[in-house]
Enquirer: 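Starting off with a structure, shown below.
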There are 2 protein chains.
Amino acid sequence: MTYSEENYLKVIYHLSHTANKGISTNAIANVMESKPSSVTDMVQKLADKELVEYVKYQGVTLTQKGMFMALMIVRKHRLWEVFLVEKLDFSWDEVHDVAEQLEHIKSEKLTNKLDEFLGFPTEDPHGDPIPDKDGRIASIDKKLLSEIGVSKKVICVGVKDSSPPFLQYLDKQQIALGSSIEVVAKEDFDHSLSLRVDGKNVTVSNKIASNLFVKPV
Amino acid sequence: MTYSEENYLKVIYHLSHTANKGISTNAIANVMESKPSSVTDMVQKLADKELVEYVKYQGVTLTQKGMFMALMIVRKHRLWEVFLVEKLDFSWDEVHDVAEQLEHIKSEKLTNKLDEFLGFPTEDPHGDPIPDKDGRIASIDKKLLSEIGVSKKVICVGVKDSSPPFLQYLDKQQIALGSSIEVVAKEDFDHSLSLRVDGKNVTVSNKIASNLFVKPV
DNA sequence: AAACATTTTTAGTCTTGGCTAAACATTAAG
DNA sequence: CTTAATGTTTAGCCAAGACTAAAAATGTTT
């Protein structure tokens with residue numbers, strides 16, 4: 001497995017969550033900032049290795065084997081993110097690029113020892129679930145904050161967008177994983193939300209609210 | 001800096017310690033298990049980037065810039081080895097291949113935070129010195145056990161050869177970094193040594209003794 | 001000092017992963 | 001149901017890094 005093949009598998013895995021048909025070469029190229037023609041080539045190589053199912057013009061899906069490898073890459077990525085935040089004091093907006101490199105380190109022993117060292121965490125610093133060594137994911141029931149009704153109380157459990165600007169915005173508003181949030185009011189005009197976050201009043205736009213995962217308290 | 005360029009710099013750095021003239025393409029090719037012609041190509045590329053001084057047919061030496069980059073790679077390699085042994089319970093014969101991968105992770109912040117997390121170690125698990133963030137190395141005065149006179153007492157501070165078979169042999173004889181060693185006798189015939197290692201009698205061949213670094217107690 | 005052996009470089013080739021431009025499918029619209 | 005628009009693949013090309021075989025430089029010997 002080359003570096004590049006691993007990246008393709010990871011991207012296909014992530015795209016599989018939003019779309020439930022075959023993933024188009026175009027979609028992959030967009031995410032990878034490359035060209036559809038390059039994707040076609042690589043996808044054919046992955047199909048030869050039986051990591052993806054590929055029908056011309058119909059898109060790509062992961063095979064069992066490909067799914068497992070993708071899960072192991074995601075596992076490594078998220079474990080390293082936990083390591084960076086918990087042990088090395090990185091903030092949650094700084095970890096992505098480094099984890100993007102660390103996820104390619106090949107050593108099953110390292111991955112499993114790291115998992116143990118971290119106390120077998122089930123979620124990364126953004127609230128995303130961490131597959132265990134057999135690829136199993138503990139699914140948590142979570143909703144977008146934007147779907148929560150007025151006067152309901154919830155706890156912040158994850159972010160949908162984990163780009164640095166969004167995460168830094170949340171830091172500024174003192175919204176973090178574990179924060180308790182009450183929806184005080186919803187504005188009809190722009191769908192913005194008035195919240196009480198850990199006792200403080202905060203107003204957020206609908207765009208913010210639809211990128212925050214919460215669970216009923 | 002590509003992965004491959006980094007490996008060349010590292011190899012040239014290591015070879016510079018034993019030979020103090022220019023390093024030949026042949027020597028590099030041997031260590032890298034590649035061919036001299038491939039080395040010539042790469043070395044010319046490194047010279048274009050001013051990371052090495054290169055005169056045709058005369059061999060290669062590191063420039064200031066190249067030396068610093070090499071030191072940073074060695075620094076990362078050795079810090080990760082400490083991490084693997086101290087935090088993840090790897091044994092000293094298992095760390096090399098994984099550290100070989102980890103040394104290429106690009107993030108100054110990661111390296112320095114890791115250094116801090118480990119308590120700014122000055123040596124790796126094999127007793128090799130770890131360059132600090134400015135590339136400085138604390139030099140320790142050490143001799144080969146084979147050069148020590150009879151009835152002298154020393155402490156084991158490093159290994160010259162850190163291949164798994166040698167390290168595993170030392171484990172079996174319960175010789176480790178920090179072990180106190182007294183040279184009880186030296187055999188004229190085969191230059192083998194009778195030792196007292198932490199109170200136990202052990203006999204080792206000259207080959208073993210000339211791969212163990214010790215310092216006077 | 002010339003001839004031979006060794007080392008090093010050059011020239012040309014291969015593979016991987018990417019690109020552009022052109023050809024080919026599919027879908028949507030008239 | 002045919003054409004236009006869009007999406008996808010093919011064909012041909014490029015750069016990096018490695019290789020083989022051949023040419024050139026260095027060194028070693030007599």
Side-chain angles (χ1 to χ4, degrees), chain A residues 1-16 18-62 66 69-70 73 100-101 103-104 106, chain B residues 1-16 18-62 66 69-70 73 100-101 103-104 106:
Chain A
M1 282 277 289
T2 69
Y3 196 95
S4 190
E5 288 171 342
E6 291 192 344
N7 278 332
Y8 273 91
L9 285 186
K10 187 184 55 169
V11 167
I12 296 165
Y13 171 82
H14 287 309
L15 288 172
S16 301
T18 40
N20 47 357
K21 349 143 202 185
I23 310 302
S24 75
T25 54
N26 227 328
I28 297 171
N30 280 341
V31 176
M32 314 236 327
E33 298 186 306
S34 67
K35 304 290 161 179
S37 56
S38 310
V39 176
T40 302
D41 285 351
M42 180 56 91
V43 143
Q44 285 170 341
K45 220 173 78 179
L46 293 174
D48 289 346
K49 296 194 178 185
E50 310 207 314
L51 296 169
V52 302
E53 206 82 61
Y54 172 56
V55 186
K56 273 185 196 172
Y57 296 99
Q58 302 303 127
V60 188
T61 50
L62 292 171
M69 305 203 87
I73 296 162
E100 201 85 336
Q101 299 178 60
E103 73 190 1
H104 297 288
K106 280 173 232 325
Chain B
M1 282 277 288
T2 68
Y3 195 96
S4 190
E5 287 172 342
E6 292 191 343
N7 278 332
Y8 273 92
L9 285 185
K10 187 184 57 170
V11 167
I12 295 166
Y13 171 83
H14 286 309
L15 288 172
S16 302
T18 40
N20 46 357
K21 348 140 202 187
I23 311 301
S24 74
T25 54
N26 227 328
I28 298 171
N30 280 340
V31 176
M32 313 236 329
E33 298 186 304
S34 68
K35 303 290 161 181
S37 56
S38 311
V39 176
T40 302
D41 286 351
M42 179 56 90
V43 144
Q44 285 170 340
K45 219 172 79 180
L46 292 174
D48 289 346
K49 297 195 178 184
E50 311 207 312
L51 296 169
V52 302
E53 207 82 61
Y54 172 56
V55 186
K56 272 184 199 174
Y57 298 99
Q58 302 303 126
V60 188
T61 49
L62 292 171
M69 304 204 88
I73 296 162
E100 201 84 338
Q101 300 177 59
E103 73 190 2
H104 297 288
K106 282 173 230 327

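Residue numbers begin at 1 in each chain, while the letters A, B, ... track the order of the sequences.
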Enquirer: Given atom CE of B:M42 and atom C1' of C:dT10, what is their separation to the nearest angstrom?
Expert: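 Interatomic distance, CE of B:M42 to C1' of C:dT10: 17 Å.
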Enquirer: Under 4.0 Å between a side-chain N or O of B:K56 and OP1 or OP2 of D:dA24?
Expert: no
Enquirer: Does some side-chain heavy atom of B:M1 sit less than 4.5 Å from a side-chain heavy atom of B:L51?
Expert: yes
Enquirer: Compare all side-chain heavy atoms of B:Y13 with those of B:I23 and state whether any distance is below 4.5 angstrom.
Expert: no
Enquirer: Scan B:E5 against the nucleic acid and name what it touches under 4.0 Å (heavy atoms): base, sugar-phosphate only, or nothing.
Expert: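 Touches nothing.
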Enquirer: Regarding B:S4, tell me which of base, sugar-phosphate or nothing describes its non-hydrogen contacts under 4.0 Å with the strands shown.
Expert: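 Sugar-phosphate: the residue B:S4, judged by heavy atoms under 4.0 Å, touches backbone atoms but no base.
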Enquirer: Let me know, please, whether A:S37 or A:T2 comes out on the 5' side of the other along DNA chain C by nearest nucleotide.
Expert: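 Looking at DNA chain C, the more 5' nearest nucleotide goes with A:T2.
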Enquirer: Rounded to whole angstroms, how far apart are CD on A:E33 and C1' on C:dG18?
Expert: 14 Å
Enquirer: Write down the distance between CG (A:D48) and P (C:dT16), rounded to a whole number of angstrom.
Expert: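 That distance rounds to 11 Å.
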Enquirer: Should we count CD of A:E6 as having more than 12 external heavy atoms under 6.0 Å?
Expert: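 Yes - once you tally the heavy atoms of other residues, nucleotides and ligands closer than 6.0 Å, there are more than 12.
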Enquirer: Within this structure, what is the CG-to-C1' distance between A:L46 and C:dT16, rounded to whole angstrom?
Expert: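 These atoms are roughly 13 Å apart.
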Enquirer: Report yes if the side chains of B:N7 and B:E103 come closer than 4.5 Å at any heavy-atom pair, otherwise no.
Expert: yes
Enquirer: Look at the side-chain N and O atoms of A:Q44 and state whether any lies under 4.0 Å from the OP1 or OP2 oxygen of D:dT10.
Expert: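 The answer is yes; a side-chain N or O of A:Q44 sits under 4.0 Å from OP1 or OP2.
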Enquirer: Strictly below 4.0 Å: does A:N26 bring a side-chain N or O up to OP1 or OP2 of D:dT6?
Expert: no
Enquirer: Measure NZ/B:K21 against P/D:dG27 and give the value in whole Å, please.
Expert: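 The distance from NZ of B:K21 to P of D:dG27 comes to 11 Å, rounded to the nearest Å.
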Enquirer: Look at A:Y8 and C:dG18 and indicate whether a side-chain polar atom (N or O) is within less than 4.0 Å of OP1 or OP2.
Expert: yes
Enquirer: For C:dG18 and A:S38 - does any side-chain N or O of the residue sit under 4.0 Å from the phosphate oxygens OP1/OP2?
Expert: no
Enquirer: In whole angstroms, how far is the P atom of C:dT15 from the OH atom of A:Y3?
Expert: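 Atom OH in A:Y3 sits about 25 Å away from atom P in C:dT15.
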Enquirer: Would you mind telling me which of C:dT9, D:dT9, D:dA18 lies closest to the side-chain atoms of A:T25?
Expert: D:dT9
Enquirer: Kindly compute the distance separating OG1 (A:T25) from CE (A:M42), expressed to the nearest 0.5 Å.
Expert: 14.0 Å
Enquirer: Under a 3.5 Å cut-off for both distances, is C:dT16 Watson-Crick or wobble paired, and to whom?
Expert: D:dA15
Enquirer: What integer distance in Å separates A:I23:CD1 from D:dG7:P?
Expert: 16 Å
Enquirer: Nearest-nucleotide wise, let me know which of A:Q58 and A:M32 is further upstream toward the 5' end of DNA chain C.
Expert: A:M32
Enquirer: Atom NZ of B:K35 to atom C1' of C:dG12: distance rounded to whole Å?
Expert: 18 Å
